[in-house]
Asks: 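Below you'll find the structure I mean.
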Amino acid sequence: MLKKDLLFLVGPTASGKSAAAVALAKKINAEIICCDSMQVYCGMDILTSAPDKELTGRVRHHLFGFLKPCKNYNAASFRKDALEAAQKIYQKGKIPLFVGGSGLYMSAIIDGLFTGAPADMQLRRKLEKEAKLKGARCLYKKLLKVDPLSASKIHANDCRRIIRSLEVFLKTGKPISYLQKQRQGLGPDYRVKIFALNLSRPRLYQRVDQRVELMFERGLEKEARRLLRSRLSKTACYALGLPEIKEYLRGKYDLQEAKRLIKRNSRHYAKRQLTWFRKDKRVKWINLQGAETPQAVAKKIYKFCN
RNA sequence: GCCGAGAUAGCUCAGUGGUAGAGCGCGGCCCUGAAAAGGCCGGCGUGGGGGGUCCGAUUCCCUCUCUCGGCA
């Protein structure tokens with residue numbers, strides 16, 4: 001049986017993925033699927049540097065801006081939606097091309113997630129409260145009792161993961177360390193190719209800073225104000241830029257400082273993305289100077305497509 | 001030109017007669033249902049140049065260079 005191709009174009013923020021993806025999709029007859037935890041939301045176009053109409057008009061895009069910011073979303077719901085979108089694309093005889101910078105989302109599709117323990121926001125809130133009251137160490141001790149193996153892998157300060165592990169244990173009676181071994185990925189009938197764009201660090205950071213400047217020019221503050229007035233999900237409220245603008249509006253600092261922080265946090269984010277993708281040995285790195293046209297980038301990637 | 005203050009990490013600065021720290025920045029890493037989140041680790045340095053005192057100087061003394069104030 002012929003293998004199904006599944007392509008990924010990933011890389012740090014501001015590396016030029018969106019435009020390159022469209023150029024590549026044109027070349028290989030692909031449709032694009034969002035692989036970005038924030039670009040799935042609508043009404044956050046400036047904040048998330050979502051691909052504009054010019055790009056989305058040239059190639060069919062899936063899972064971009066389809067979700068209201070008040071809705072929670074996560075890697076599991078993404079995996080489900082993404083695989084559905086991919087099937088539709090296969091039915092058209094085309095290739096799904098995932099584009100975005102969310103490493104976990106990429107891994108969720110390819111490698112799968114263990115099942116049977118969905119997120120329980122109510123339980124999380126309860127555990128969070130407990131952590132706040134008695135300290136995170138208290139939760140860690142609890143985890144140490146029920147699941148010493150996971151506890152040994154999680155740092156005592158990593159509250160998010162401690163809570164998730166406890167959540168899994170409380171809901172299923174099984175340690176997350178045991179369940180995590182059960183993940184199931186795509187299987188042998190898929191042929192996955194991952195391309196990651198990269199630039200020299202100074203160039204990348206320069207582009208990140210420039211992009212933040214551009215976001216402000218486009219009206220980031222106004223968009224953020226609007227979003228902050230509405231109800232935001234636990235997922236969407238952490239879109240880079242929102243917490244910083246929120247504190248600015250509270251009078252904690254001025255707009256210049258907010259901008260500085262958004263730039264810095266975006267650079268840190270880009271760095272973390274690189275760490276994630278570096279670890280994944282399936283990634284084929286596409287090193288760029290930063291001045292190439294999207295077509296040139298696509299051409300570079302195309303060479304490795306067969 | 002004179003007087004005063006200073007010259008220590010990429011930046012802002014602290015400190016000590018036994019070759020140095022802090023914050024920010026920066027680098028590396030972890031990540032299985034919040035992931036643009038969350039967490040961990042790392043000082044990255046001929047202490048402005050030269051000389052002297054001392055067992056030993058970044059610290060004390062002299063000198064030169066530079067910077068910043070003030071006076072001319």
Asks: What nucleic acid atoms does Ser233(A) come within less than 4.0 Å of, heavy atoms only: base, sugar-phosphate, or nothing?
Replies: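 Nothing, no heavy atom under 4.0 Å.
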Asks: Could you measure between the two C1' atoms, the one in G70(B) and the one in U8(B), and give it in whole Å?
Replies: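 Their C1' atoms lie roughly 26 Å apart.
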Asks: What is the distance, to the nearest angstrom, from the CG atom on Leu104(A) to the P atom on A37(B)?
Replies: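 Atom-to-atom, Leu104(A) to A37(B), this comes out as 13 Å.
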Asks: Please state the C1' separation for the pair C66(B) and G27(B) - nearest whole angstrom.
Replies: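 Nearest-Å result for C66(B) against G27(B) at atom C1': 32 Å.
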Asks: Show me the pairs that pass ring pair (Phe, Tyr, Trp, His ring centres under 6.0 Å) and involve residues 20-48 of chain A, at least two apart or across chains.
Replies: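 Residue pairs passing ring pair (Phe, Tyr, Trp, His ring centres under 6.0 Å), neighbours aside: none found.
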Asks: Side chains of residues 96-116 of chain A: which donor-acceptor pairs under 3.5 Å do they make with residues two or more places apart or in other chains?
Replies:
unit_1: Ser102(A); atom_1: OG; unit_2: Ser37(A); atom_2: N; d: 2.8
unit_1: Ser107(A); atom_1: OG; unit_2: Asp111(A); atom_2: OD2; d: 3.0
unit_1: Ser107(A); atom_1: OG; unit_2: Arg183(A); atom_2: NH2; d: 3.3
unit_1: Asp111(A); atom_1: OD1; unit_2: Arg282(A); atom_2: NH1; d: 2.7
unit_1: Asp111(A); atom_1: OD2; unit_2: Arg282(A); atom_2: NH2; d: 3.1

Asks: Which pairs, protein N/O on one side and nucleotides 26-29 of chain B N/O on the other, fall under 3.5 Å?
Replies:
unit_1: C26(B); atom_1: OP1; unit_2: Arg267(A); atom_2: NE; d: 2.7
unit_1: C26(B); atom_1: OP1; unit_2: Arg267(A); atom_2: NH2; d: 3.3
unit_1: G27(B); atom_1: OP1; unit_2: Arg201(A); atom_2: NH1; d: 3.1
unit_1: G27(B); atom_1: OP1; unit_2: Tyr205(A); atom_2: OH; d: 3.2
unit_1: G27(B); atom_1: OP2; unit_2: Tyr205(A); atom_2: OH; d: 2.9
unit_1: G28(B); atom_1: OP1; unit_2: Arg201(A); atom_2: NH2; d: 3.2
unit_1: G28(B); atom_1: OP2; unit_2: Arg201(A); atom_2: NH1; d: 3.0
unit_1: G28(B); atom_1: OP2; unit_2: Arg201(A); atom_2: NH2; d: 3.4
unit_1: G28(B); atom_1: N7; unit_2: Lys271(A); atom_2: NZ; d: 2.5
unit_1: C29(B); atom_1: OP2; unit_2: Arg278(A); atom_2: NE; d: 3.2
unit_1: C29(B); atom_1: OP2; unit_2: Arg278(A); atom_2: NH2; d: 2.3

Asks: So, is Tyr105(A) near the phosphate of A35(B), with a side-chain N or O under 4.0 Å from OP1 or OP2?
Replies: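 Looking at the OP1 and OP2 atoms of A35(B), one of them is under 4.0 Å from a side-chain N or O of Tyr105(A).
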Asks: Considering just the side-chain nitrogens and oxygens of Arg164(A), establish if one lies under 4.0 Å of OP1 or OP2 belonging to A34(B).
Replies: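 No, outside the criterion.
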Asks: Hey, which of these two, Arg160(A) or Gln180(A), hits RNA chain B nearer its 5' end, going by closest nucleotide?
Replies: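 Result of the comparison: Gln180(A).
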Asks: Closer than 4.0 Å, any side-chain N/O of Asn72(A) to the OP1 or OP2 of A34(B)?
Replies: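 No.
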Asks: Which of these, Arg58(A), Lys26(A), Lys92(A), sits in a salt bridge (charged side-chain N to carboxylate O under 4.0 Å, His left out) with Glu31(A)?
Replies: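 Considering Arg58(A), Lys26(A), Lys92(A), a salt bridge (charged side-chain N to carboxylate O under 4.0 Å, His left out) with Glu31(A) is found only for Lys92(A).
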Asks: How far does the P atom of C13(B) sit from the matching atom of A7(B), given to the nearest Å?
Replies: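 Taking atom P in both C13(B) and A7(B), they lie 10 Å apart.
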Asks: I'd like the P distance from C3(B) over to C64(B), given in whole Å.
Replies: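 Nearest-Å result for C64(B) against C3(B) at atom P: 11 Å.
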Asks: Taking C54(B) as the reference, what is the distance to C61(B) when you measure between their C1' atoms (whole Å, please)?
Replies: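 My reading of the C1' atoms in C61(B) and C54(B) gives 12 Å.
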Asks: Asp36(A) near the nucleic acid: base, sugar-phosphate alone, or nothing, with a heavy-atom cut-off under 4.0 Å?
Replies: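 If one applies the 4.0 Å heavy-atom cut-off, Asp36(A) turns out to touch a base.
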Asks: With both distances kept under 3.5 Å, what pairs with G56(B), Watson-Crick or G-U wobble?
Replies: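 Pairing partner: none.
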Asks: Taking atom C1' in both G45(B) and G33(B), what distance in whole Å separates the two?
Replies: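 After rounding to an integer number of Å, I get 46 Å for this pair.
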Asks: Under 4.0 Å between a side-chain N or O of Arg79(A) and OP1 or OP2 of U32(B)?
Replies: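 Checking U32(B) against Arg79(A), no side-chain N or O comes under 4.0 Å of OP1 or OP2.
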Asks: May I ask you to say what Gly185(A) touches in the nucleic acid, namely base, sugar-phosphate or nothing, with a heavy-atom cut-off under 4.0 Å?
Replies: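 Nothing: the residue Gly185(A), judged by heavy atoms under 4.0 Å, touches no strand.
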Asks: Would you classify Glu128(A) as touching base, sugar-phosphate or nothing, given that sugar-phosphate means primed atoms plus P, OP1 and OP2, and contacts are heavy atoms under 4.0 Å?
Replies: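 Since a base atom lies under 4.0 Å of Glu128(A), the category is base.
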Asks: So which nucleotide does U67(B) pair with, by the Watson-Crick or G-U wobble rule with both distances under 3.5 Å?
Replies: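 Looking at the geometry, U67(B) pairs with A5(B).
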Asks: Check whether NZ of the Lys or CZ of the Arg Lys259(A) lies under 6.0 Å from the centre of the six-membered ring of Phe216(A) and within 45 degrees of that ring's axis.
Replies: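 So Lys259(A) does make the cation-pi contact.
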Asks: Would you check, one step at a time, whether the test side-chain hydrogen bond (donor to acceptor under 3.5 Å, both in side chains) holds for Arg125(A) with Gln122(A)?
Replies: CA-CA 5 Å; Arg125(A) 267 195 293 276; Gln122(A) 211 174 342; 5.7 Å; no
Asks: On a whole-Å scale, what distance lies between the P atoms belonging to C60(B) and U16(B)?
Replies: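 One P to the other, the span is 10 Å.
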Asks: Between C44(B) and C26(B), how far is it from one C1' atom to the other, in whole Å?
Replies: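 To the nearest whole Å, 8 Å.
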Asks: Between Lys234(A) (NZ) and A34(B) (C1'), how many Å, whole number?
Replies: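 Value for this atom pair: 8 Å.
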Asks: Write down the distance between CZ (Arg161(A)) and P (U32(B)), rounded to a whole number of angstrom.
Replies: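 It is 5 Å, rounded to the nearest whole Å.
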Asks: Please name the nucleotide paired to A22(B) by Watson-Crick or G-U wobble geometry with both distances under 3.5 Å, or report none.
Replies: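 U12(B) - that is the nucleotide pairing with A22(B), both distances being under 3.5 Å.
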